[in-house]
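Report on one structure; see the data block that follows.
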Amino acid sequence: MRLSRYFLPVLKETPAEAQIVSHRYMLRAGMIKQASAGIYSWLPLGFKVLRKIEDIIHEEQQRAGHIPMLMPTLQSADLWRESGRYDDYGEEMLRIRDRHDRDILYTPTAEELITDIFRAHVSSYRDLPLTMYQIQWKFRDEIRPRFGIMRGREFYMKDGYNFDLTKADAMHAYNRHLVSYLRTYERMGLQAIPMRADSGPIGGDDTHEFLVLAETGESEVFFDNAITELKIGDREIDYGDKAQCQAVLEEFTSRYARTDETHDEALFNEIPEERRRSARGIEVGQIFYFGTKYSEPMGATVQDADGNDVAVHMGSHGIGVSRLLGAIIEASHDGKGIIWPEGVTPFHAGIVNLRQGDAGTDAASERLEAALIERGLDPLYDDTEERPGAKFATMDLIGLPWRITVGPRDLAQGVVELASRRTGESERLSVDAAVDRVAQIYGA
RNA sequence: CGGGGCGUAGCGCAGUCUGGUAGCGCACCUGUUUUGGGAACAGGGGGUCGGGAGUUCGAAUCUCUCCGCCCCGACCA
C-alpha cells in the first residue's frame with residue numbers, strides 16, 4: 001500500500017477525551033473515530049488489525065474443532081422471555097420496538113438464539129458433541145462507556161456455545177476452549193492468565209476469565225507469579241484427547257490466580273511471599289460451563305441411548321475481539337506509539353523513502369515494495385513528500401514492527417536500513433538482503 | 001443514576017465574568033528554498049460560536065429550554 005493513496009488520518013495532538021494510552025494511540029494513529037458515546041467507526045488501519053485478530057481466532061477455533069456460523073444482531077424478545085433473561089438482563093440490554101410494536105433487542109450475547117437453533121434441528125445424542133461459534137457485533141448499553149474501544153457499548157465479540165450429552169463431555173468442551181484461548185492470545189503476543197471468576201448474568205458454576213496484566217486494567221487481580229512462566233508455545237495439541245486438554249487446564253489453573261470477585265485472602269497467603277502478586281488486569285475472554293440453565297427452560301433436549309429425553313449440557317465462551325486491540329496496545333507500546341506484535345500488525349513492514357522524488361531512493365523503495373509483495377507480504381510504503389522526521393514519527397506512532405529506511409546516504413553505499421520498532425536496533429543491508437530478512441521474520 | 005465539567009474552523013484552545021458582530025497554534029491550498037527524527041518564509045481558503053426560544057438598538061458573551069460529549073463513582077466481553 002502506498003501511504004499517499006491510503007486513508008491514515010494521524011493526529012499530532014492528543015484528543016482531550018482520551019485518558020488511557022490505547023485510546024490515545026488508536027485515535028492518534030487514525031484507527032478509530034468516535035461516532036457517539038461508546039460507539040466507534042473503524043478506520044482502515046484499525047479495521048485491518050481487527051481483521052488480523054479475527055483471523056487468528058477463526059484459525060484457532062477451527063483447529064479446536066469448533067464450527068463457525070453467524071447469528072443476527074437483532075433478536076426477538078420472545079426468545080429471551082423463554083429463558084427469563086428479558087426481564088433479568090436489565091437496562092444494559094438495548095430494547096427496540098419495530099413498526100408492528102414487537103419487542104426486539106440488540107444482542108448482548110446469544111445463548112437463547114443458539115439454543116433455539118439447536119432444539120429445532122438436533123434431537124439425538126448421536127449428533128453430539130456440537131460446538132458452534134460466531135464473531136459478531138454485540139451491544140451492551142453501559143451506564144458509562146469509557147476508555148475508547150475497551151469499554152464501548154458496541155463491541156465485536158467471538159462467542160461460542162457447546163452442546164453435550166453429559167457434564168463430563170461439556171467439561172471437555174470447556175477445557176478445549178481454555179487451551180484454544182491460550183494459544184490464541186499467545187499468537188497475538190499477549191500473556192493472558194486464566195483466573196477463577198464470577199459468572200455474572202450468564203450464570204453457571206465453572207468459569208474462568210482471561211486477564212492481560214496492565215496498569216490501566218479495570219479488574220484487580222491476585223496471583224502466584226509462577227503462573228507467568230507458563231507457555232503453550234508450539235506444543236502439539238490433540239483437541240480430541242480429553243486427558244491432554246484436562247492436563248493443560250490443570251497446568252494453567254493449579255496456581256492461585258483470581259480476580260477480586262473470588263479472591264480468597266487465606267489461600268493467597270499460602271503462596272510464598274516472594275511469588276505473591278496483586279496487580280490490575282484487562283479481561284479479554286471468559287469461558288463458562290452452565291449445565292442445563294438454558295436447555296431446560298427452552299426444551300433443548302436429545303434422546304439418549306436409552307430413549308430418554310435429556311436436557312443437554314451447555315457452556316458459552318467469549319473473546320472480546322475489539323477489546324483485544326486495546327489490550328494489545330496497553331501491553332505493547334512506548335512513548336512514541338504502538339508496537340504491534342508480528343502476529344497482528346496491520347502491515348508487515350514500513351518503507352520510508354527519505355527523499356521522495358529522488359530517482360535513486362524512489363527506485364529502491366519501489367523495488368523493495370514489489371519484492372515484499374512478491375513474497376506475499378503486505379508493506380506500507382511512505383511515498384509522501386513529508387520530511388524524514390515526520391515520516392519516522394508517523395511510522396513509530398502506527399507501530400509497524402519493522403521499518404526499512406531508504407535514504408540517499410545509505411543508498412550511496414548500496415544499502416538500506418532495517419530497524420526493529422521494538423528494540424530500536426537496526427542493521428544495514430542490501431535491498432535483496434532486507435527483503436530476505438523480513439520474509440524470514442514472517443516465515444514467508 | 002449521583003457528583004463535576006465541556007460544546008467557538010478538521011484537531012487543540014483563547015474570547016464569555018465586564019454584550020459592540022470572532023482570534024491563536026497545528027492541519028489544509030499556492031509558491032520558493034529545504035530534506036537521516038514532527039522545516040522556514042510569503043501568500044491564501046475555511047467557522048456565525050451545539051439546537052431552539054427570550055432579553056436588548058445589538059448576543060459566542062445575559063436568561064430559559066432541549067441536545068450532545070467528557071471525567072469521578074456503583075455495574076460489565
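Everything numeric in this text was worked out from a predicted model, so none of it was measured.
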Q: Would you mind listing every side-chain hydrogen bond (donor to acceptor under 3.5 Å, both in side chains) that reaches into residues 128-137 of chain A, with sequence neighbours excluded?
A: His58(A)-Tyr133(A), Gln62(A)-Tyr133(A), Thr131(A)-Arg176(A), Gln134(A)-Asp159(A)
Distance-only donor-acceptor hits, side chain of residues 249-258 of chain A, under 3.5 Å, sequence neighbours excluded:
residue   : atom : partner   : partner atom : Å
Glu250(A) : OE2  : Gln246(A) : NE2          : 2.7
Glu251(A) : OE1  : Arg235(A) : NH1          : 3.0
Glu251(A) : OE2  : Arg235(A) : NH2          : 3.3
Thr253(A) : OG1  : Leu249(A) : O            : 2.6
Ser254(A) : OG   : Glu250(A) : O            : 3.0
Tyr256(A) : OH   : His263(A) : ND1          : 2.8
Tyr256(A) : OH   : Asp264(A) : N            : 2.8
Tyr256(A) : OH   : Asp264(A) : O            : 3.4
Arg258(A) : NH1  : Thr262(A) : O            : 3.0

Q: Sort and list the pairs that fulfil salt bridge (charged side-chain N to carboxylate O under 4.0 Å, His left out) and have at least one residue in residues 64-78 of chain A, not counting sequence neighbours.
A: Asp78(A)-Arg81(A)
Q | G37(B) to U21(B) separation - P atoms, rounded to the nearest Å | A | 47 Å
**Q.** P atoms of U48(B) and U8(B), separation to the nearest Å
**A.** 12 Å
Q) Below 4.0 angstrom, N of the basic side chain to O of the carboxylate: do Glu60(A) and Arg63(A) qualify? A) yes
Q: Choose from A77(B), C72(B), G36(B) the nucleotide whose nearest atom is closest to any side-chain atom of Arg144(A).
A: C72(B)
Q) Quick one: side-chain hydrogen bond (donor to acceptor under 3.5 Å, both in side chains) pairs with a partner in residues 339-348 of chain A, sequence neighbours left out? A) Glu342(A)-Trp402(A)
Q: Report the residues that fulfil ring-ring contact (aromatic ring centres under 6.0 Å, His included) with Tyr25(A), sequence neighbours left out, ordered by chain and then residue number.
A: none
Q | Integer angstrom distance from the P of C24(B) to that of C66(B) | A | 37 Å
**Q.** Spacing of Glu220(A) atom CD relative to A74(B) atom P, expressed in whole Å
**A.** 12 Å
Q: Would you check, one step at a time, whether the test side chain to side chain contact (heavy atoms under 4.5 Å, CB included) holds for Lys52(A) with Met188(A)?
A: CA-CA 9 Å; Lys52(A) 289 277 184 110; Met188(A) 295 172 189; over 6 Å; no
Q) Which of residues 174-187 of chain A sit near RNA chain B, with a heavy atom under 4.0 Å from it? A) none
Q) Which residues satisfy the side-chain contact (heavy atoms from CB on, under 4.5 Å) test with Ser219(A), sequence neighbours excluded? A) Leu211(A), Val221(A)
Q: Would you classify Gly407(A) as touching base, sugar-phosphate or nothing, given that sugar-phosphate means primed atoms plus P, OP1 and OP2, and contacts are heavy atoms under 4.0 Å?
A: base
Using a cut-off of under 3.5 Å, enumerate the N/O to N/O pairs linking the protein to nucleotides 4-13 of chain B.
residue : atom : partner  : partner atom : Å
C11(B)  : O2   : Glu13(A) : OE1          : 3.3

**Q.** Distance test, side-chain N/O of Arg146(A) to OP1/OP2 of C70(B), below 4.0 Å
**A.** no
Q) According to the interplanar angle, ranging from 0 to 90°, do the rings of Phe288(A) and Phe290(A) count as parallel (below 30°), tilted (30 to 60°) or perpendicular (above 60°)? A) tilted
Q. Could one point to a donor on the side chain of Arg403(A) or the base of G37(B) with an acceptor on the other under 3.5 Å away?
A. yes
Q. So, do Phe392(A) and G38(B) meet the stacking rule of ring centres under 5.5 Å and planes under 30°?
A. no
Q. If the P atom of G47(B) is compared with that of C57(B), how far apart are they to the nearest Å?
A. 30 Å
Q.
In whole Å, measure the gap between the P atoms of C49(B) and A60(B) for me.
A. 6 Å
**Q.** Below 4.0 Å: OP1/OP2 of A27(B) and any side-chain N or O of Lys12(A)
**A.** yes
Q) Taking any strand in view, what nucleotide pairs with G12(B) in a Watson-Crick or G-U wobble way, both distances under 3.5 Å? A) C24(B)
(Q) Using the C1' atom as the point on both nucleotides, what is the distance between U65(B) and U18(B), in whole Å? (A) 26 Å
Q: Examine G68(B): is either OP1 or OP2 under 4.0 Å from a nitrogen or oxygen in the side chain of Gln34(A)? Give yes or no.
A: no
Q. Who are the ring-ring contact (aromatic ring centres under 6.0 Å, His included) partners of His66(A), not counting sequence neighbours?
A. His177(A)
Q | With sequence neighbours excluded, residues passing side-chain contact (heavy atoms from CB on, under 4.5 Å) with Arg51(A) | A | Phe47(A), Glu54(A), Tyr156(A)
(Q) So, using ring-ring contact (aromatic ring centres under 6.0 Å, His included) as the criterion, who are the partners of Tyr106(A) when residues are at least two apart? (A) Phe139(A)
Q. Which value, in whole Å, describes the distance between the C1' atoms of nucleotides C28(B) and C72(B)?
A. 38 Å
Q. Can the ring centroids of Tyr174(A) and Tyr289(A) be said to lie less than 6.0 angstrom from one another?
A. no
(Q) Nearest whole Å is fine: how far is G37(B) P from Arg355(A) CZ? (A) 12 Å
(Q) Both distances below 3.5 Å, Watson-Crick or wobble geometry, any strand: find the nucleotide opposite A74(B). (A) none
Listed pairs, N/O of protein and of nucleotides 32-34 of chain B, under 3.5 Å:
residue : atom : partner   : partner atom : Å
U34(B)  : O2   : Arg387(A) : NH1          : 2.6

Q: Identify which nucleotide among G37(B), G36(B), C71(B) has an atom closest to any side-chain atom of Gln19(A), counting heavy atoms from C-beta outward.
A: C71(B)
Q | Atom C1', compared across G5(B) and C75(B): separation rounded to whole Å | A | 23 Å
